[in-house]
Amino acid sequence: MDEFVRAVEATIFASSEPLTIEEIQGYSGDGDVEAALATLAEIYTGRGIELVERGGRWHFQTAPDLAHLLRRTREEPRRLSRAATETLAIVAYHEPVSRAEIEAIRGVQISKGTLDVLMEAGWVRTAGRREGPGRPLLYATTQEFLTHFGLGSRKDLPGIDDLKAAGLLDPLDQGVFEALEQLQLESEEEDD
Amino acid sequence: MDEFVRAVEATIFASSEPLTIEEIQGYSGDGDVEAALATLAEIYTGRGIELVERGGRWHFQTAPDLAHLLRRTREEPRRLSRAATETLAIVAYHEPVSRAEIEAIRGVQISKGTLDVLMEAGWVRTAGRREGPGRPLLYATTQEFLTHFGLGSRKDLPGIDDLKAAGLLDPLDQGVFEALEQLQLESEEEDD
Amino acid sequence: MGVDALDFSAGSEELTLNLDGWEGPLDLLLNLARAQKVDLTQISILQLVDQYTDYIASARALKLEIAADYLVMAAWLAYLKSCLLLPKDPEQDPSPEEVALRLQMRLLRLDAMREAGARLLGRDRIGRDVFVRGLPEGLRLVRKSAWQVNSFELFSAYGAVKARTQPAMHVVHMRSVMTLDDAIERVGKMIGMAIDWMEIGQFLPDSDDPAFRRSALASSFVAALELARRGRLDLRQDEPFAPLQVRAA
């Protein structure tokens with residue numbers, strides 16, 4: 001095996017975090033990191049370990065089909081309430097999105113705790129404010145979100161192309177809001 | 001690759017501690033663990049990662065010859081403190097000079113760290129001991145010092161008369177200090 | 001929302017309903033729409049309105065306390081239904097059909113996100129389905145300082161040391177002053193010759209030096225106080241800031 005490919009392999013292997021190409025370069029020295037990654041990805045194809053890219057960062061992980069052997073408990077790593085799951089999906093498919101927009105899609109107010117849970121999990125972050133009335137705070141997903149859910153990028157979100165084509169990810173235009181104003185009913189904070 | 005070997009590979013990779021053959025068996029199911037380990041050890045020979053056994057427990061580690069890659073050095077620019085700059089200047093003008101002499105010339109004690117910083121920067125070296133009471137350690141500048149400051153030799157250091165002509169030996173009132181600080185700030189800005 | 005959890009069957013749909021389980025009217029509406037067992041794009045809004053109002057009515061029949069927002073939705077849907085059934089009013093904007101379409105879009109959106117959430121959670125997730133390395137050596141970043149200083153700073157630092165440690169010479173300029181002793185002697189002599197009250201200014205020597213005159217005035221004043229204390233003269237001042245006058249005791 002090429003010395004540089006060995007160095008790239010060792011670097012990614014030793015890291016406790018997924019690494020960008022620049023970070024890998026910083027450790028493994030001069031060489032074509034992308035070519036080395038391609039070589040490694042091929043070597044690891046069909047093995048118990050695979051090399052994956054998530055949002056521009058690379059790491060090794062076990063092959064998904066071996067999950068049944070390695071799963072130590074039947075417990076989910078983090079159980080999400082329905083409200084949190086829907087909120088996460090809305091943020092992921094619509095980002096950047098304001099709290100009011102999340103509430104408009106869900107038809108209920110979201111409790112303070114719901115976004116906190118997602119932010120604490122490291123999957124959602126604040127993403128500045130939207131210029132406009134009220135300058136609402138915006139939310140978006142994180143690098144860790146892509147890593148955790150095994151997404152190369154947001155393009156890999158399940159069914160995102162179909163949803164986009166069906167117009168279901170378009171911003172809710174103001175006209176619709178007004179026409180359906182009465183649908184936006186103030187409800188008490190949902191139960192988590 | 002054999003399914004069982006894949007399972008053993010993934011098991012050892014994901015474990016947070018080295019595993020015995022029995023423990024590996026517990027995860028990977030029925031199969032010849034020893035044979036699988038032999039296969040894996042061979043696959044990983046000469047790679048950036050190797051499979052090793054220590055006291056009956058198996059784990060992966062980065063190849064020892066690549067260990068140096070995992071420590072990356074990053075240089076961070078930092079301004080030399082006033083105390084260190086004065087000390088460096090005294091060493092340059094008076095070398096070889098003992099610590100006690102530096103303090104006498106500065107009129108202020110110097111901390112242990114000050115000379116260490118200058119030695120770490122590669123500008124000051126120890127230069128033997130002076131014969132005499134206490135045999136004090138002596139300090140002198142290095143070739144690197146001359147290079148850094150663009151000096152052909154120590155003879156190129158401006159003399160006392162030059163300093164006087166440049167107004168650098170005038171009795172220091174607060175105004176001069178402030179002017180110096182100002183000059184330093186300006187040169188810092190230029191560096192950025 | 002103050003609604004007791006209660007399961008009951010809604011009509012022929014055999015849908016188990018639990019009011020506490022709904023996250024608001026839209027959620028309830030979506031679940032009712034799904035009970036039509038057709039593609040959400042094919043749902044009948046009129047049928048949906050009936051389902052919703054039936055549901056609310058049966059919940060009321062059971063004397064359940066129904067949160068206001070569910071009732072508002074029921075009223076709004078009833079209004080929408082009547083608009084849909086009435087002869088078309090070409091002036092109405094948006095048309096009831098358009099509002100119905102928008103309502104359908106909202107249900108589709110919520111449904112899409114609900115499904116997307118489920119699909120996300122079902123992916124191969126780290127820590128559940130796939131695992132990262134359990135024992136990473138970790139990468140270390142060693143920080144090294146690159147010390148910065150230029151020649152000007154070096155030389156000026158030496159200049160500063162030299163200047164700071166030069167033997168200091170203190171020069172005190174001669175100042176013309178009248179000492180207190182001189183003033184006591186002078187005032188003492190002059191008071192002996194005076195008969196009547198005199199202003200203290202008259203005791204001062206002639207001088208062009210304003211600093212010396214100020215010093216002489218201050219010293220003479222203190223001298224006058226001292227002589228008064230010894231009982232050799234009297235002091236008088238008619239009012240604050242008036243001239244100070246002295247006379248032999």
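Chain identifiers are assigned alphabetically (A, B, ...) following the order of the sequence lines, protein sequences preceding nucleic acid strands; residue numbering begins at 1 within each chain.
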Taking all non-hydrogen atoms of both residues into account, name the closest pair between [X] and [Y] and its distance.
X	Y	result
A:Thr62	B:Ala14	CG2-CB, 4.0 Å
A:Thr11	B:Leu70	CA-CD2, 4.2 Å
A:Gly48	B:Ala10	O-CB, 3.5 Å

Counting only heavy atoms not in [X], do more than 12 sit closer than 6.0 Å to its [atom1] atom?
X	atom1	answer
B:Glu76	CD	yes
A:Arg154	CZ	yes
B:Glu53	CD	yes

Less than 4.5 Å to any heavy atom of chain B: does that hold for the side chain of [X], its backbone, both, or neither?
X	answer
A:Phe4	neither
A:Ile12	neither
A:Asp2	neither
A:Leu66	side chain
A:Gln61	backbone

*Would you give the length of the straight line joining atom CG of A:Asp65 to atom CD of B:Glu3, rounded to the nearest 0.5 angstrom?*
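Here the interatomic distance stands at 6.0 Å.
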
*Is a donor on one side and an acceptor on the other found under 3.5 Å between the side chain of B:Arg47 and the backbone of A:Arg6?*
no

*Just checking heavy atoms, which of residues 100-119 of chain B are less than 4.5 Å from chain A?*
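The residues closer than 4.5 Å to chain A amount to none at all.
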
*Report the relative orientation of the aromatic rings in B:Phe13 and A:Phe60; use parallel for angles under 30°, tilted for 30 to 60°, perpendicular for over 60°.*
perpendicular

*Under 4.5 Å heavy-atom distance to chain A, tell me which part of B:Ile43 shows up: side chain, backbone, both or neither.*
side chain

